[in-house]
Undergrad: 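Here it is: the structure, laid out below.
The figures here come from the full heavy-atom set of this structure, side chains too, leaving out hydrogens, waters and symmetry mates. Along the sequence shown, residues are numbered consecutively beginning with 1. Here the structure is a predicted model, which means the values were calculated and not measured.
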Amino acid sequence: MVTALNIGQGDAILLQDPSGDAMLIDGGPDPRVTVRALQRHGVRRLDVVVATHSDADHVGGLAEVVASYDIGELWVGAFVGPSDLLEGVVDAAERAGVTM
């Protein structure tokens with residue numbers, strides 16, 4: 001199932017399969033809104049989190065998601081420019097032992 005999460009301005013796409021595997025593509029701008037949206041959809045673990053690029057409306061909510069959930073892998077777009085927000089996501093993933 002593909003769900004465009006209602007996170008306000010920005011993008012956060014949730015992909016779930018019947019077995020319960022889940023992937024989050026981007027995380028919107030507000031971490032609280034993103035985490036609540038994932039909770040509403042019954043997400044307990046994210047197998048993959050994708051940061052497509054470093055704009056705040058795509059990665060602003062991801063550091064909190066990475067800190068709040070068991071994450072299998074973090075994928076960062078090959079041509080993503082540096083940003084403090086993206087560094088925060090990568091740092092949170094490193095602290096949590098997430099594969100990158």
Undergrad: Say whether L15 and L62 are linked into one hydrophobic cluster, either directly or through other cluster members, by side-chain heavy-atom distances under 4.5 angstrom.
TA: no
Undergrad: Under the side chain to side chain contact (heavy atoms under 4.5 Å, CB included) rule, collect the residues that match up with M100, sequence neighbours excluded.
TA: L74, V90, A93, E94
Undergrad: Around atom CG of N6, are there more than 12 heavy atoms from other residues, nucleotides or ligands closer than 6.0 Å?
TA: no
Undergrad: Any side-chain heavy atom of V66 sitting closer than 4.5 Å to one from R95?
TA: no
Undergrad: With rounding to the nearest 0.5 Å, note down the distance linking CD1 in I7 to CG in L14.
TA: 12.5 Å
Undergrad: Quick one: CD on Q39 to CZ on R44, what's the gap to the nearest 0.5 Å?
TA: 10.5 Å
Undergrad: Quick check: closest heavy atoms across G72 and V98, and the distance to 0.1 Å?
TA: O-CG1, 4.0 Å
Undergrad: Membership question, hydrophobic clusters at under 4.5 Å side-chain separation (ILVMFWY): are I71 and V50 in the same one?
TA: no
Undergrad: My understanding is that only one of L38, V43, I13 makes a side-chain contact (heavy atoms from CB on, under 4.5 Å) with L5; could you say which?
TA: L38
Undergrad: Determine the minimum heavy-atom distance between A63 and A92, stating which atoms define it.
TA: O-CB, 3.9 Å
Undergrad: V49 and V89: side chain to side chain contact (heavy atoms under 4.5 Å, CB included), yes or no, with the steps?
TA: CA-CA 10 Å; V49 172; V89 174; 5.8 Å; no
Undergrad: Please list every donor-acceptor pair under 3.5 Å in which a side-chain atom of residues 20-35 meets a protein atom from a residue at least two apart or in another chain.
TA:
{"unit_1": "D26", "atom_1": "OD1", "unit_2": "T52", "atom_2": "N", "d": "2.9"}
{"unit_1": "D26", "atom_1": "OD1", "unit_2": "T52", "atom_2": "OG1", "d": "3.0"}
{"unit_1": "D26", "atom_1": "OD2", "unit_2": "T52", "atom_2": "OG1", "d": "2.7"}
{"unit_1": "D26", "atom_1": "OD2", "unit_2": "H58", "atom_2": "ND1", "d": "2.7"}
{"unit_1": "D30", "atom_1": "OD1", "unit_2": "R32", "atom_2": "N", "d": "3.0"}
{"unit_1": "D30", "atom_1": "OD1", "unit_2": "R32", "atom_2": "NE", "d": "3.3"}
{"unit_1": "D30", "atom_1": "OD2", "unit_2": "R32", "atom_2": "NH2", "d": "3.1"}
{"unit_1": "T34", "atom_1": "OG1", "unit_2": "G27", "atom_2": "O", "d": "2.5"}
{"unit_1": "T34", "atom_1": "OG1", "unit_2": "D30", "atom_2": "O", "d": "3.1"}

Undergrad: Which pairs count as salt bridge (charged side-chain N to carboxylate O under 4.0 Å, His left out) when at least one residue sits in residues 57-85, sequence neighbours excluded?
TA: R45-D70
Undergrad: Is there a continuous path of hydrophobic side-chain contacts, each under 4.5 Å between heavy atoms, that joins V59 to V76?
TA: yes
